[in-house]
Undergrad: 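Take a look at this one; I'll ask things after.
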Amino acid sequence: MKITTKVTALLLTLLMVLSLSGCRKDGTSLSLRIGLVGECTVPDPAMVMTDSEKILVNHLYENLMKLAPNGEGGSQVTSGLARSYRCEDELDGTQTYTFTLRDGVKWSNGQLLTAGDFVYAWRRLADPATQSPNASLLSVVAGYDQVRKKGDASLLQVTAEDEHTLVVKLNCRCPYFLSAVCTDPATMPLYAEDTTLTNGAYCISEQRDGQLTLSVSSQYYDSKYTGPATLVFPFYTDTAELPEDCDFVLGQPGGTAWDNADPYPRTTVLLVNQSAPSLKNESLRQALSLVIDRDALSELAGGAYTAADGLVSSGILAEDGTSFRENNGALIDNEEKHYQDNCVAAQQKIVDAGLNDARSMASLGTVTLLYAKNDSNEQIVTALQQTWQKTLGITVTPLGVAEADMTAALEKGEFALALTEVTGRYNDATAFLNQFHSTAATNYGHYRSSAYNMLLRVAATSSSDEARRAYLEDAERLLLENGGVIPLYGANCCYQMRQDLTGLLNNGVGVYDFHYIRQVTNQ
C-alpha cells in the first residue's frame with residue numbers, strides 16, 4: 001500500500017475568504033519561544049522520558065512517518081522519511097512492512113541516511129544492554145523477546161535490503177504500528193559512528209544559559225519546508241518560572257488548569273492486589289469502587305484532573321481515529337444523582353461478601369493502602385479511608401512510602417490496595433490494557449484472568465478493526481468488573497499559546513509538534 005496523502009498538499013495557500021477573516025502566513029520568518037520544564041540537554045532518542053525531551057527530539061529528528069494537519073483542524077499520520085510502504089499479511093498471523101526511503105535524505109553532517117541507520121537504532125533500542133525505558137515499543141517486532149532473553153540484538157527482525165529499503169517483520173497484526181511506533185521519538189534513526197548527529201527539519205544552532213535554539217537545517221530533504229525559521233527552547237525547573245514572552249508554554253500533566261487542555265494518557269488508580277487475603281472476594285472489591293466519589297477526589301487532586309469513567313484515558317484513539325473512550329462509553333457511573341443508589345448497591349455487595357457483622361469484618365484482617373507520600377496523595381488517601389469507613393464499615397490502614405521507593409514497594413506486593421498511576425506509552429488502548437496481562441511485568445496486583453488474556457490475544461490477531469475494538473472493550477469491562485483495578489481520575493495536559501498562532505499538532509500522548517505553526521493576522 002502506498003501513502004497517497006502528501007504533506008505538500010496541506011501547505012497550499014489558503015483560499016481567499018471574507019475580507020475581515022484571518023490571513024495565514026507561512027512560518028519562514030517566524031521565531032517561536034517554546035517554554036519547557038526540564039534540563040537544557042539534547043537527549044538520546046532511545047532514552048527519552050519526559051514530554052519536554054520527546055518534543056525536542058521530535059524536531060531534531062524525523063522518523064519513517066510523521067504527523068501532519070488533516071485539513072479539518074486535527075492531525076493525521078503521513079509519510080516522513082518513508083516515501084512509501086507496503087504491508088503483507090502472512091498466513092501465520094504475522095505482518096511484514098517494507099519501507100522505501102526517500103532519496104537524498106542526509107544527516108546534519110551531510111552524510112546520506114540509509115535503511116541501515118534504522119536497523120542500528122531499533123536493534124540498539126531493543127538491546128537490554130542499552131537499558132532504554134522505551135524498549136517495549138518494539139515488542140510487536142518479531143525477535144524482540146529473543147533479544148531481551150539472549151541479549152543478541154541481531155535477532156530483532158529489522159533488516160536493510162539495500163540503502164533505501166527497510167523490512168520490518170511483526171509478530172502479530174499491529175494497527176498502531178505506523179501511527180505510534182513509526183512516529184515515536186524513541187524509534188528515530190541513529191548514525192552509528194556519531195549518535196549526536198540529527199536528521200530532522202531542525203538542527204541546533206545555539207546552546208547557552210539554559211536555552212536551546214533550533215534553526216531550519218540546510219540538510220533537510222524538503223527544500224520547500226515553510227515551518228518556523230527558528231524554535232527557541234528556554235528550559236526551567238517549574239512552569240511558574242517561565243517568562244511571559246514565551247509563545248508557547250507546556251504545563252505539567254494534571255498541573256495548573258490553563259485555558260487550553262488535552263487529555264493526557266495517564267489514569268490514577270487503586271491497584272487491587274489479587275493475592276491479598278483481605279480482598280479475595282470480588283463483591284468486596286466492587287463495593288470499594290462503587291462508593292468512591294470521583295468528582296470529589298479529582299477536585300482534591302487539584303489542577304487539571306477529571307473523574308475517570310474507565311481505565312483507558314479519553315484521548316486514546318481507536319483504529320478509525322475516533323475516541324476509544326467515547327466508542328466504549330463510560331464504564332463507571334459518576335452521575336451525582338446516582339451516587340446514593342451506588343452506595344446502597346455497595347452495601348448489598350458487602351452483605352453478599354458475607355461481611356454483615358463485626359466478627360466477619362474483623363476476619364478481613366488488615367487492609368493496607370500503599371501510596372507515595374506527598375500532600376496531594378495524603379488528602380486522597382484520607383478521603384478514601386473516611387468514605388470506606390463511613391459507608392461500608394471497612395477500616396483501611398495507610399502505608400506511605402517515599403515517592404522514589406514506590407516502584408520497589410509495588411514489586412514487593414506487600415499491600416492490599418495501592419494508589420498509583422497507569423500511563424499509556426503509545427496512543428492505543430492496549431498501552432493500558434496489556435499492563436494487566438497475567439505475564440506483564442507491570443501486573444503488580446497479580447491480576448489473573450484467562451478470559452482477559454484470551455480477549456487481548458484475540459484482539460491482537462483479529463483482521464477486523466471493528467472486531468479488535470470490541471474485544472478490547474470487553475477486556476476493559478471485564479478488568480473493572482473483576483475489580484482488578486479501580487480507576488479514580490485522569491489528568492489533562494494544559495498549555496498556553498499566543499492567540500495569533502495556529503497549526504499546533506499533538507500526538508495524543510504528550511508530544512506537541514510545531515512544524516506547521518503559522519501566524520494569523522487580520523487584514
Undergrad: Can a donor-acceptor pair be found, under 3.5 Å and without considering hydrogens, that links the side chain of Ser75 to the backbone of Ala68?
TA: no
Undergrad: Before you tell me yes or no, could you show the steps for Asn58 and Asp513 under side chain to side chain contact (heavy atoms under 4.5 Å, CB included), namely the whole-Å CA-CA distance, both residues' side-chain angles and the distance that decides it to 0.1 Å?
TA: CA-CA 7 Å; Asn58 192 53; Asp513 190 306; 3.2 Å; yes
Undergrad: Given side chain to side chain contact (heavy atoms under 4.5 Å, CB included), test Leu270 with Leu384 step by step and report yes or no.
TA: CA-CA 10 Å; Leu270 287 171; Leu384 289 169; 4.0 Å; yes
Undergrad: Stepwise, does the side chain to side chain contact (heavy atoms under 4.5 Å, CB included) test hold for Val344 with Gln340?
TA: CA-CA 6 Å; Val344 172; Gln340 291 304 321; 5.7 Å; no
Undergrad: Between Asn374 and Ser376, does any side-chain donor sit less than 3.5 Å from a side-chain acceptor?
TA: no
Undergrad: Do we see a donor-acceptor contact under 3.5 Å between the side chains of Asn328 and Glu476?
TA: yes
Undergrad: Going by an N to O cut-off under 4.0 Å, is there a salt bridge joining Asp352 and Lys349?
TA: no
Undergrad: Are Lys150 and Asp127 ion-paired here, with the side-chain N under 4.0 Å from a carboxylate O?
TA: no
Undergrad: Would a distance-only check, ignoring hydrogens and angles, find a side-chain to backbone donor-acceptor pair under 3.5 Å from Thr130 to Leu125?
TA: no
Undergrad: Answer with yes or no whether the side chains of Gln385 and Gln389 bring together a donor and an acceptor at under 3.5 Å.
TA: no
Undergrad: Is Tyr305 close to Asn492 at the side-chain level, that is, under 4.5 Å between some pair of heavy atoms?
TA: no
Undergrad: Is there a donor-acceptor pair under 3.5 Å between the side chain of Glu53 and the backbone N or O of Glu39?
TA: no
Undergrad: With distance as the sole criterion, is a donor-acceptor pair present between the side chains of Asn334 and Asp295 under 3.5 Å?
TA: no
Undergrad: Return the CG to NZ distance between Asn507 and Lys54, rounded to the nearest 0.5 Å.
TA: 8.0 Å
Undergrad: May I ask you to check whether over 12 heavy atoms, not counting those of Tyr471, lie within 6.0 Å of atom OH?
TA: no
Undergrad: Please find the pair of heavy atoms, one from Val48 and one from Pro185, that lie closest to each other, and give the distance.
TA: CG2-CB, 4.3 Å
Undergrad: Consider only side-chain N and O atoms of Asn453 and Ser438, and report whether a donor and an acceptor are under 3.5 Å apart.
TA: yes
Undergrad: Considering only heavy atoms from C-beta outward, does the side chain of Asp428 approach that of Phe324 to under 4.5 Å?
TA: no
Undergrad: Let's go through Asp500 and Arg498 carefully: what are the C-alpha distance in whole Å and the side-chain angles of both, what is the deciding distance for salt bridge (charged side-chain N to carboxylate O under 4.0 Å, His left out) to 0.1 Å, and is it a yes or a no?
TA: CA-CA 6 Å; Asp500 63 339; Arg498 217 172 73 200; 2.6 Å; yes
Undergrad: Given 3.5 Å as the limit, does a donor-acceptor pair link the side chain of Ser323 with the main chain of Ser314, or not?
TA: yes
Undergrad: Is Leu369 close to Leu399 at the side-chain level, that is, under 4.5 Å between some pair of heavy atoms?
TA: no
Undergrad: Mind checking whether Ser136 and Arg425 have side chains closer than 4.5 Å, heavy atoms only?
TA: no
Undergrad: When you measure from the side chain of Arg468 to the backbone of Ser463, do you find a donor-acceptor pair of N or O atoms at a distance under 3.5 Å?
TA: no
Undergrad: Is a donor from one side chain sitting under 3.5 angstrom from an acceptor on the other, for Asn327 and Thr322?
TA: yes
Undergrad: Return yes if some donor-acceptor pair links the side-chain N/O of Thr397 with the main-chain N/O of Thr366 below 3.5 Å, else return no.
TA: no
Undergrad: Closest approach of Phe436 and Phe432, non-hydrogen atoms and distance?
TA: CD1-O, 3.7 Å
Undergrad: CE of Met65 to CD of Gln76: how many Å apart, nearest 0.5 Å?
TA: 9.5 Å
Undergrad: Hey, does the side chain of Ser462 reach the backbone of Ser464 with a donor-acceptor pair shorter than 3.5 angstrom?
TA: yes
Undergrad: Counting heavy atoms not belonging to Met361, are there more than 12 under 6.0 Å from its CE?
TA: yes
Undergrad: Working to the nearest 0.5 angstrom, can you tell me the gap between Ser278 OG and Leu284 CG?
TA: 7.5 Å
Undergrad: Do you know which of His437, Arg448, Gln435 makes side chain to side chain contact (heavy atoms under 4.5 Å, CB included) with Asn443?
TA: Arg448
Undergrad: Checking Leu455 against Leu472 for the side chain to side chain contact (heavy atoms under 4.5 Å, CB included) test, could you report, in this order, the C-alpha distance in whole Å, the side-chain angles of both residues, the deciding distance, and whether it holds?
TA: CA-CA 7 Å; Leu455 286 168; Leu472 293 179; over 6 Å; no
Undergrad: Under a plain distance cut-off of 3.5 Å, with no hydrogens placed, do Tyr144 and Gln157 share a side-chain donor-acceptor pair?
TA: no
Undergrad: For Leu433 and Tyr452, which heavy atoms make the closest approach, and how far apart are they?
TA: O-OH, 2.6 Å
Undergrad: Is any side-chain heavy atom of Val77 closer than 4.5 Å to one of Leu67?
TA: yes
Undergrad: Using 0.5 Å steps for rounding, measure from the OG1 atom of Thr50 to the CG atom of Leu250.
TA: 9.5 Å
Undergrad: Do Arg294 and Ser289 meet the criterion of a side-chain donor-acceptor pair at a distance under 3.5 Å?
TA: yes
Undergrad: Start with the C-alpha distance between Arg33 and Asp245, add both sets of side-chain angles, then the distance that settles salt bridge (charged side-chain N to carboxylate O under 4.0 Å, His left out), and finish with yes or no.
TA: CA-CA 8 Å; Arg33 286 182 60 81; Asp245 63 348; 3.5 Å; yes
Undergrad: Given side chain to side chain donor-acceptor pair (under 3.5 Å), test Tyr264 with Asp51 step by step and report yes or no.
TA: CA-CA 11 Å; Tyr264 195 76; Asp51 296 331; 2.8 Å; yes
Undergrad: Grab the two heavy atoms, one from Lys66 and one from Tyr516, that are nearest each other, plus how far apart they are.
TA: CE-OH, 3.9 Å
Undergrad: How many angstroms lie between atom OG of Ser283 and atom CG of Leu355, to the nearest 0.5 angstrom?
TA: 9.5 Å
Undergrad: Count the heavy atoms belonging to other residues, nucleotides or ligands that lie under 6.0 Å from CG of Asp320, then report whether that count exceeds 12.
TA: yes
Undergrad: Would you confirm whether Thr391, through its side chain, and Trp388, through its main-chain N or O, come within 3.5 Å as a donor-acceptor pair?
TA: no
Undergrad: Does some side-chain heavy atom of Tyr444 sit less than 4.5 Å from a side-chain heavy atom of Thr407?
TA: yes
Undergrad: For residues Asp262 and Tyr512, is any side-chain donor paired with an opposing acceptor at under 3.5 Å?
TA: yes
Undergrad: I want to check something: taking the side chain as every heavy atom from C-beta on, are Leu501 and Val520 in contact at a cut-off of under 4.5 Å?
TA: no
Undergrad: In terms of side-chain heavy atoms, does Asp259 have a donor or acceptor partner in Tyr495 at a distance below 3.5 Å?
TA: no
Undergrad: Would you check if Tyr97 and Leu170 make a side-chain contact, meaning some heavy-atom pair closer than 4.5 Å?
TA: yes
Undergrad: Where is the tightest heavy-atom contact between Leu504 and Ile517, given as atom of each residue plus distance?
TA: N-CD1, 3.6 Å
Undergrad: Any luck finding a side-chain donor-acceptor pair between Thr96 and Glu90 under 3.5 Å?
TA: yes
Undergrad: Restricting to non-hydrogen atoms, name the atom on Gly310 and the atom on Arg325 that form the minimum distance, rounded to 0.1 Å.
TA: CA-NH1, 3.8 Å
Undergrad: Should we say atom CD of Glu466 is surrounded by more than 12 heavy atoms from elsewhere, each under 6.0 Å from it?
TA: no
Undergrad: Within the distance-only criterion (no hydrogens, no angle test), does the side chain of Arg148 pair as donor or acceptor with the backbone N or O of Ala126 below 3.5 angstrom?
TA: yes
Undergrad: For Thr268 and Glu421, indicate whether the former's side chain and the latter's backbone hold a donor-acceptor pair under 3.5 Å.
TA: no
Undergrad: Under 3.5 Å, is there a donor-acceptor pair between the Tyr426 and Asp184 side chains?
TA: no
Undergrad: How many angstroms lie between atom CD1 of Ile332 and atom CD1 of Ile292, to the nearest 0.5 angstrom?
TA: 8.5 Å
